[in-house]
Protein chains: 2
Amino acid sequence: MSDRQHVTLEDVARTAEVSLATASRALNGTTRVRDDLRERVLSAAAELAYTPNAHAQALAGGSRRTVGVICHDISDPYFAAITRGVMRVADSHGLLVMLAGTFADPDRELACVSTLRAQRASAILLTGSAFEDRAWERRMAAELEPYRRGGGRVAVVTRHRSLKADTIAPDNRGGARALAEAMHRLGHRRFAVVTGPPQLTTVADRVAGFREGLAGAGVELSDRDVFAGSFDRDGGYDATRALLAAKHKATCVLAASDVMAVGAVSALRAAGLSVPEDVSVTGFDDVPLVRDFVPGLTTVSLPLERIGAEALELALDESGATGGRGRVRRLSGEVLVRESTAKPRRRRRG
Amino acid sequence: MSDRQHVTLEDVARTAEVSLATASRALNGTTRVRDDLRERVLSAAAELAYTPNAHAQALAGGSRRTVGVICHDISDPYFAAITRGVMRVADSHGLLVMLAGTFADPDRELACVSTLRAQRASAILLTGSAFEDRAWERRMAAELEPYRRGGGRVAVVTRHRSLKADTIAPDNRGGARALAEAMHRLGHRRFAVVTGPPQLTTVADRVAGFREGLAGAGVELSDRDVFAGSFDRDGGYDATRALLAAKHKATCVLAASDVMAVGAVSALRAAGLSVPEDVSVTGFDDVPLVRDFVPGLTTVSLPLERIGAEALELALDESGATGGRGRVRRLSGEVLVRESTAKPRRRRRG
DNA sequence: CTGTTAGCGCTTTCAA
DNA sequence: TTGAAAGCGCTAACAG
């Protein structure tokens with residue numbers, strides 16, 4: 001046994017008394033190798049507990065066995081579900097997932113791409129919302145372009161088309177519109193929106209959808225009906241507190257995500273209001289655990305795991321790669337009316 | 001501009017009209033470089049959108065800029081929270097997280113270690129429960145040992161001591177014992193346990209703790225009081241259905257995790273029982289979103305993000321590395337009695 | 001089918 | 001300080 005740090009292919013070859021090339025071939029199965037030699041190599045490798053150095057393999061032009069996933073925050077069930085879908089597909093392709101978290105910081109996101117680029121990930125998946133910011137978009141495009149030139153594949157979820165990448169596009173706007181319309185049909189006339197930072201395209205799309213749906217039904221949503229917080233549970237809680245403090249008369253609160261809705265419901269309860277008796281609340285996404293909430297959250301269901309899985313599949317599938325513009329796969333959400341929403345009461349507080 | 005795939009350091013050096021070595025030094029700041037040369041290198045790199053090839057860097061003995069995290073399922077909020085903690089620390093050290101999911105399959109877990117070893121991750125974190133299986137343990141130890149010899153660091157969460165790695169050990173047993181005792185003090189005398197596969201050490205420890213706590217109070221927990229399912233929401237649901245089908249007379253259901261408890265509550269409700277009026281239910285972990293459930297889930301709170309953060313910190317901190325046995329950092333959980341548990345009724349169903 | 005050899009892109013001695 | 005050159009461990013021609 002050597003006092004070297006790692007067992008290398010050379011050690012294996014020497015032990016098996018074959019050449020480096022033969023050892024490599026035996027291990028990778030690229031070319032046929034005489035059976036007894038292959039046996040010798042394999043047992044030598046096992047005996048020495050040999051593990052190939054992935055860096056050397058990658059450098060020698062062998063493989064690119066990793067994919068990068070960039071999300072805002074893995075502890076958000078939305079991203080967790082998407083990432084799970086990615087991991088399933090990655091696993092079935094023998095790929096390792098490198099996970100980068102941006103915590104919704106645009107600069108951090110750029111840095112993540114750069115890191116993943118350095119790692120020569122075979123694909124980069126941008127799963128988080130984009131930021132509505134021309135300068136940022138340009139910088140992102142500039143970061144992505146050389147990556148693509150080097151053979152890297154890019155897929156994005158809900159992003160601006162300007163990135164020209166393969167895109168999985170859940171219909172945030174349409175889903176929000178349909179949800180708002182459903183709430184209007186239920187009888188609601190006074191609405192408030194509890195939402196995240198408007199620079200996030202997902203947020204912007206959903207709010208735009210709410211606005212459209214209501215406008216179509218003749219209800220105007222003014223800026224004073226929109227309460228923004230961080231795009232998480234606490235943001236939903238805080239925004240709802242602000243709504244309460246403003247003595248807003250909404251009978252229905254449209255939250256920009258399930259997670260925000262959970263915060264909203266908690267804030268309403270803390271204020272002594274009950275859902276849906278006093279106020280109806282809706283979410284968006286239909287994330288796993290929230291399905292077991294009582295009252296069941298009315299929401300727009302998105303196939304999150306599938307979104308992750310398809311994003312990676314799209315990125316990995318070279319065949320249909322259009323020359324630059326990127327393919328777009330649209331997914332529609334389904335409005336799920338559950339118990340967190342009800343007909344508004346005749347009379348309300350205030 | 002070359003028609004090469006990637007911009008390399010050589011391109012940068014040529015553009016800046018310096019040697020490879022100087023370019024490298026200027027970029028890494030390892031040695032002093034004349035200011036004007038450094039400037040030239042930096043601007044050439046920027047101009048060419050140069051990104052170092054991490055594989056080449058790693059191979060040349062430069063850096064190990066990744067850590068591996070192995071978990072059962074990232075969409076489980078328990079692992080998501082731990083991973084978030086890991087990512088925070090990784091980020092502050094400039095490390096990239098490689099995430100591997102085992103879906104609680106022992107063989108898959110072994111394979112993950114091997115992959116991460118190949119990637120020369122600077123540390124491997126085993127965050128999922130171990131499996132109670134001597135043969136598996138031996139194989140895992142055999143996989144880890146050469147990794148360590150090559151300078152790799154290993155840290156584990158809730159594992160068997162036999163792995164001899166740095167360990168973050170939440171007190172599953174003690175927490176479970178305290179929780180069971182608290183439920184006994186509340187007045188419960190008939191208990192059932194809804195749990196995951198007993199081969200998982202976490203599960204085994206928690207069930208053992210429940211058993212101990214109850215035994216100390218004079219209540220025997222027999223095998224017929226324990227209902228096992230998969231260690232997730234559906235497992236909790238299914239196990240509770242089994243409990244119901246067996247007409248078990250428990251007034252208090254102890255679930256092995258919050259996520260299982262969520263499934264348990266849903267199953268009870270579906271059967272027309274209310275929590276806590278008809279049956280009390282407890283969880284374990286105190287995962288984020290479940291905190292907003294109504295009724296609030298009585299549980300044992302574990303600092304999940306901190307567990308992840310400390311696991312990586314421990315692994316990265318060479319200073320206190322004991323010569324082989326591994327350091328152990330114990331963390332105790334806190335019993336949180338909320339509204340999902342109540343005094344048992346005098347009379348019960350059946 | 002097997003062995004020899006030339007890199008992959010970078011860091012790091014070692015001289016200058 | 002700077003540059004030349006020797007690898008890091010592996011794969012993939014290219015000869016045999």
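Note on naming: letters A, B, ... go to the chains in the order of the sequence lines (proteins, then strands), and numbering restarts at 1 for each one.
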Ring-plane angle category for F131(A) and W136(A), please: parallel below 30°, perpendicular beyond 60°, tilted otherwise. perpendicular
May I ask you to verify if any side-chain N or O of R34(B) is less than 4.0 angstrom from the OP1 or OP2 atom of dT1(D)? no
Shortest non-hydrogen separation from L95(A) to S122(A) and the atoms involved: CD2-OG, 4.3 Å
Name of the residue among V67(B), V97(B), L312(B), L314(B) meeting side-chain contact (heavy atoms from CB on, under 4.5 Å) with L125(B): L312(B)
Taking only the side-chain heavy atoms of A60(A) (C-beta and beyond), determine which of dC10(C), dT2(C), dG7(C) contains the nearest atom. dG7(C)
What residues form a salt bridge (Lys or Arg N to Asp or Glu O under 4.0 Å) with E305(B), not counting sequence neighbours? R84(B), R88(B)
For F79(A), what residues pass the ring pair (Phe, Tyr, Trp, His ring centres under 6.0 Å) criterion, not counting sequence neighbours? H72(A)
Choose from dG9(C), dT11(C), dC10(D) the nucleotide whose nearest atom is closest to any side-chain atom of Q57(A). dC10(D)
Could you check how far CG of L27(A) sits from P of dA12(D), rounded to whole Å? 13 Å
Nearest to the side chain of T8(B) - dT2(D), dC10(C), dG9(D)? dC10(C)
With sequence neighbours left out, the residues meeting salt bridge (Lys or Arg N to Asp or Glu O under 4.0 Å) with R139(B) are D107(B)
Reading DNA chain D from 5' onward, which residue's closest nucleotide shows up sooner: D35(B) or A54(A)? D35(B)
For atom CG of L9(B) and atom P of dT11(C), their distance in whole Å: 6 Å
Using only side-chain N and O atoms of S24(A), determine if any of them is under 4.0 Å from OP1 or OP2 of dT11(D). yes
For dC8(D), take OP1 and OP2 only and decide whether either is under 4.0 Å from a side-chain N or O of N53(A). no
R120(B) CZ to dC10(D) P: how many Å, rounded? 7 Å
Would you call Y147(B) and V113(B) a side-chain contact if the rule is heavy atoms closer than 4.5 Å? no
Can you tabulate the close N/O pairs, meaning under 3.5 Å, that link protein atoms to atoms of nucleotides 3-5 of chain D?
from: dG3(D); atom 1: OP2; to: S19(B); atom 2: N; distance (Å): 3.2
from: dG3(D); atom 1: OP2; to: S19(B); atom 2: OG; distance (Å): 3.1
from: dG3(D); atom 1: OP2; to: T22(B); atom 2: OG1; distance (Å): 2.5
from: dG3(D); atom 1: N7; to: R25(B); atom 2: NH2; distance (Å): 2.6
from: dG3(D); atom 1: O6; to: R25(B); atom 2: NH1; distance (Å): 3.4
from: dG3(D); atom 1: O6; to: R25(B); atom 2: NH2; distance (Å): 3.4

Got a salt bridge between R148(A) and E145(A), using NZ or NE/NH1/NH2 to carboxylate O under 4.0 Å? no
Could I get the full list of salt bridge (Lys or Arg N to Asp or Glu O under 4.0 Å) partners for E310(B), not counting sequence neighbours? R306(B), R329(B)
Relative orientation of the end axes in the helix from dC1(C)-dG16(D) to dA16(C)-dT1(D), expressed as an angle to the nearest 10° (five pairs per end): 40°
